[in-house]
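Each remark here refers to the structure printed beneath this line.
Both ligands and their constituent atoms are indexed starting at 1 by order of listing. Side chains included, hydrogens not; waters and symmetry mates left out as well; all remaining heavy atoms used.
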Amino acid sequence: MTKTEKTFYLETFGCQMNAHDSEKVIGTLEQQGYRQVDTEEDAGLLLYNTCSIRDKAEQKVFHRLNEYKKLQGEGKKFAVIGCVAQQEGEKIFERAPYVSMVAGSASYRKLPEMLARLEAGETRVTGLDDRQTEETFETEYTSRKNPYRAYITIIEGCDKFCAYCVVPYTRGKERSRGSDSVLEEARRIADMGYTEIQLLGQNVNSYRDPEGKRSFAELLGTVGQVPGIRRVRFMTSHPRDFTPDIVQVMDEVPSLCDHVHLPVQSGSTRILKMMAREYTREWYLERISWIKAAKRRRIALTTDIIVGFPGETAADFEDTITLLDDVKYDAVFGFKYSARPNTPALVMIDSLAEQDKAARLQVLLDRQREIQRLINENDIGKIVEVMVEGVNPARGQIIGRSSQNKPVNFTWSHAIAPATGSYQQVRITKTLPNSLIGESVP
Ligand code: SAH
Ligand code: SF4
Ligand code: F3S
């Protein structure tokens with residue numbers, strides 16, 4: 001490494017949107033003449049792309065920055081970006097004076113300019129646009145790590161302000177990217193050999209084309225028909241904006257994967273109201289019934305649930321458990337409520353003890369495990385298409401994912417193992433609550 005070479009190290013936490021932001025940040029840095037290195041020691045610039053969703057996330061960031069501090073004095077620069085950066089803002093400079101850049105995701109489009117200021121020796125560079133911006137972060141230099149599955153963010157920010165959630169404060173206003181530009185990127189990606197596209201947004205189906213050309217469902221259908229694209233996924237859908245035309249287009253376009261992630265958060269209408277989710281249990285279940293009525297194939301359903309929201313009684317929690325029985329999800333991501341800065345729920349009395357929240361979470365996960373065991377058993381004997389993600393050499397198995405997004409482990413009998421990124425037909429011979437097991441069909 002020469003002294004004049006610009007190098008960076010980037011660590012990423014949080015959701016898929018953050019992971020994809022990092023791919024765009026890496027591309028932007030490379031475009032500015034930086035080279036990515038694998039260790040903190042080798043890097044001139046250290047970036048930390050943070051998440052603030054739960055569990056005292058900011059404390060963890062400060063703790064981590066303290067570890068970085070040991071690397072100081074070698075002319076290194078530190079940058080904190082992402083959701084904790086936006087949330088804590090300039091306080092980060094006070095608590096960690098060796099940090100010289102703090103930037104939230106709503107300001108990434110100005111990264112080249114911020115980097116130039118950093119290089120000029122400025123020690124307090126900020127990008128804290130918060131809810132001011134109407135623009136999205138687009139770059140043609142995105143550095144995609146996975147050669148088969150590509151992410152495209154189509155909508156950024158959130159205007160829903162659920163009572164427990166930091167996202168509207170950390171990611172700014174809801175703003176969509178033009179559908180022509182999304183399609184252009186989808187075509188470019190397909191030309192590069194990608195076969196799977198995942199459209200991303202905090203609430204992906206709240207998408208509103210600024211040019212007014214396509215609805216979310218129409219955009220889905222058009223991306224799904226880009227030549228070369230075999231699978232299209234989208235995450236995360238919000239029940240408020242879930243419309244029947246989404247199911248209709250999934251019926252019509254085979255490349256749209258058989259999966260909808262539709263976070264419910266609670267099965268109790270009373271709690272949903274306190275959460276400001278703006279729907280009732282019945283309203284949510286109606287959307288589920290549309291998805292279950294899909295004509296061509298069974299669409300797998302997954303959700304997010306928060307247990308122990310302030311004021312959640314045993315009866316409210318029971319409503320969540322009966323919702324699991326009613327819907328029969330293919331997977332559930334359960335979280336214990338955690339109080340977050342700036343959010344309206346912060347003033348509500350978070351009275352349930354940590355161990356009681358943990359106990360409710362365990363009840364939820366146990367019940368769901370049983371449901372998944374039964375659902376997956378129905379797949380025995382079926383043939384599913386699997387996109388190969390890798391090999392587990394220890395077990396001589398290929399690992400991949402079905403269209404329903406379930407992990408599938410399978411063996412093969414032909415001489416050459418299926419290549420990563422290829423699509424294989426697999427007969428399911430055994431099932432577990434969290435995965436399917438099978439053998440490839442020649
Ligand atoms: N926009 C999506 C969710 C994004 S956040 C939606 O509205 O459905 C991802 C998940 O984190 C949420 O679905 C929720 O289950 C969980 N979550 C968010 N804030 C939380 C908090 N304060 N405590 C516990 N879980 C939380
Ligand atoms: Fe958070 Fe609610 Fe927005 Fe989802 S919709 S990101 S839970 S505020
Ligand atoms: Fe975390 Fe921000 Fe995503 S808080 S979950 S990285 S939007």
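- Below 4.0 Å from some heavy atom of C162 lie the following atoms of ligand 2, by number and element: 2 (Fe), 5 (S), 7 (S), 8 (S).
- Between the Y34 side chain and the I26 main chain, no donor and acceptor come within less than 3.5 Å of each other.
- A donor-acceptor contact shorter than 3.5 Å is absent between the side chain of D129 and the backbone of Q132.
- Applying the 4.0 Å criterion to heavy atoms of P168 picks out, from ligand 2, the atoms 8 (S).
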Could you walk me through whether K77 and T123 satisfy the side-chain hydrogen bond (donor to acceptor under 3.5 Å, both in side chains) test, starting with their C-alpha distance in whole Å, then the side-chain angles of each, then the deciding distance to 0.1 Å, before giving a yes or no? CA-CA 9 Å; K77 294 187 181 185; T123 53; over 6 Å; no
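- Note: Y329 and Y284 have tilted aromatic rings, judged against thresholds of 30 and 60 degrees for the angle between ring planes.
- With ligand atoms numbered from 1 in the order given, ligand 2 contributes 5 (S) to contacts under 4.0 Å with heavy atoms of H238.
- Here the heavy atom of the protein found nearest to atom 5 (S) of ligand 1 is I53 CD1, 3.7 Å.
- Side chains of N376 and T431: a donor-acceptor N/O pair is absent below 3.5 angstrom, by distance only.
- Of all the heavy atoms of Y164, the ones lying under 4.0 Å from any atom of ligand 2 belong exclusively to the side chain.
- With respect to atom 26 (C) of ligand 1, the closest heavy atom belonging to the protein is I306 CD1, 3.7 Å.
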Side chain to side chain contact (heavy atoms under 4.5 Å, CB included), that's the test. Do Q225 and V253 meet it? Break it down for me. CA-CA 7 Å; Q225 284 161 28; V253 182; 3.4 Å; yes
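- A donor-acceptor contact closer than 3.5 angstrom is absent between the side chains of T280 and T269.
- Looking at H261 against ligand 1, nothing comes within 4.0 Å, counting heavy atoms.
- A donor and an acceptor atom, one from each side chain of N434 and Q372, are located under 3.5 Å apart.
- Summary of contacts: the protein heavy atom closest to atom 4 (S) of ligand 3 is S52 N, 3.1 Å.
- Looking from atom 15 (O) of ligand 1 to the surrounding protein, the closest heavy atom is Q265 OE1, 2.7 Å.
- Side-chain atoms of D316 and T313 form a donor-acceptor pair, as typed in the model, at a separation below 3.5 Å.
- Of the protein's heavy atoms, R277 NH1, 2.9 Å lies nearest to atom 7 (O) of ligand 1.
- Between the CG atom in L115 and the CG atom in L45 there is a gap of 7.0 Å [rounded to 0.5 Å].
- Taking every heavy atom of N18 and a limit of under 4.0 angstrom, the matching atoms of ligand 3 come to 6 (S).
- Using a 4.0 Å heavy-atom cutoff, K160 is absent from the residues neighbouring ligand 1.
- A donor atom on one side chain and an acceptor atom on the other are not found under 3.5 Å apart for H261 and T236.
- Regarding atom 16 (C) of ligand 1, its nearest protein heavy-atom neighbour is R54 NH1, 3.2 Å.
- Which parts of ligand 3 touch C15 is read off a 4.0 Å heavy-atom cut-off, strictly below it: atoms 3 (Fe), 5 (S), 6 (S), 7 (S).
- The protein atom (non-hydrogen) at minimum distance from atom 3 (Fe) of ligand 2 is C158 SG, 2.3 Å.
- The contact set between ligand 3 and Q202, taken as ligand atoms under 4.0 Å from a residue heavy atom, comprises 3 (Fe), 7 (S).
- Of all atoms in ligand 3, listed by their number and element, those nearer than 4.0 Å to a heavy atom of C51 are 1 (Fe), 4 (S), 5 (S), 6 (S).
- Taking the six-membered ring for Trp, Y169 and F161 have ring centres closer than 6.0 Å.
- Between Y9 and T39 the shortest heavy-atom distance is CD1-C, 3.6 Å.
- Here's the thing with N203: one of its N/O atoms is less than 3.5 angstrom from an N/O atom of ligand 1.
- Close approach of ligand 1 to H238 (heavy-atom distance below 4.0 Å) involves ligand atoms 7 (O).
- Scanning the protein for heavy atoms near atom 1 (Fe) of ligand 2, the closest one is C165 SG, 2.3 Å.
- Below 4.0 Å from some heavy atom of R340 lie the following atoms of ligand 1, by number and element: 22 (N).
- Atom 21 (C) of ligand 1 has S338 O, 3.6 Å as its closest protein atom, hydrogens excluded (heavy atom only).
- Both the backbone and the side chain of Y164 come within contact range of ligand 1, each with a heavy atom under 4.0 Å.
- For ligand 2 and Q202, the ligand atoms under 4.0 Å from any heavy atom of the residue are 6 (S).
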Could you walk me through whether T153 and R177 pass the side chain to side chain contact (heavy atoms under 4.5 Å, CB included) check? CA-CA 8 Å; T153 299; R177 179 172 168 186; 6.0 Å; no
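- At a 4.0 Å cut-off, not a single heavy atom of M17 sits close enough to ligand 3 to count as contact.
- The nearest non-hydrogen atom to atom 6 (S) of ligand 2, considering only T170, I306, V167, D304, comes from V167.
- The shortest heavy-atom distance from G82 to ligand 3 is not under 4.0 Å.
- Checking only distances, T236 never comes within under 3.5 Å of ligand 1, N or O to N or O.
- Here N203 has side-chain heavy atoms under 4.0 Å from ligand 2, and that is the only part of it that gets that close.
- For the residue pair S403/H259, the side-chain donor-acceptor check at 3.5 Å is not satisfied.
- Residue K336 approaches ligand 1 through these ligand atoms, each under 4.0 Å from one of its heavy atoms: 23 (N), 24 (C).
- Here the protein heavy atom with the shortest distance to atom 2 (Fe) of ligand 3 is C83 SG, 2.2 Å.
- If you check the side chains of R214 and S179, you find a donor sitting under 3.5 Å from an acceptor.
- Between the side chains of R401 and S435, no donor-acceptor pair is found at a separation under 3.5 Å.
- At a heavy-atom cutoff of 4.0 Å, ligand 1 is contacted by both the backbone and the side chain of Q202.
- The distance from ligand 1 to the heavy atoms of D304 drops below 4.0 Å at these ligand atoms: 9 (C), 10 (C), 12 (C), 13 (O), 15 (O).
- Across all non-hydrogen atoms, the minimal contact from I81 to Y108 is CB-OH, 3.6 Å.
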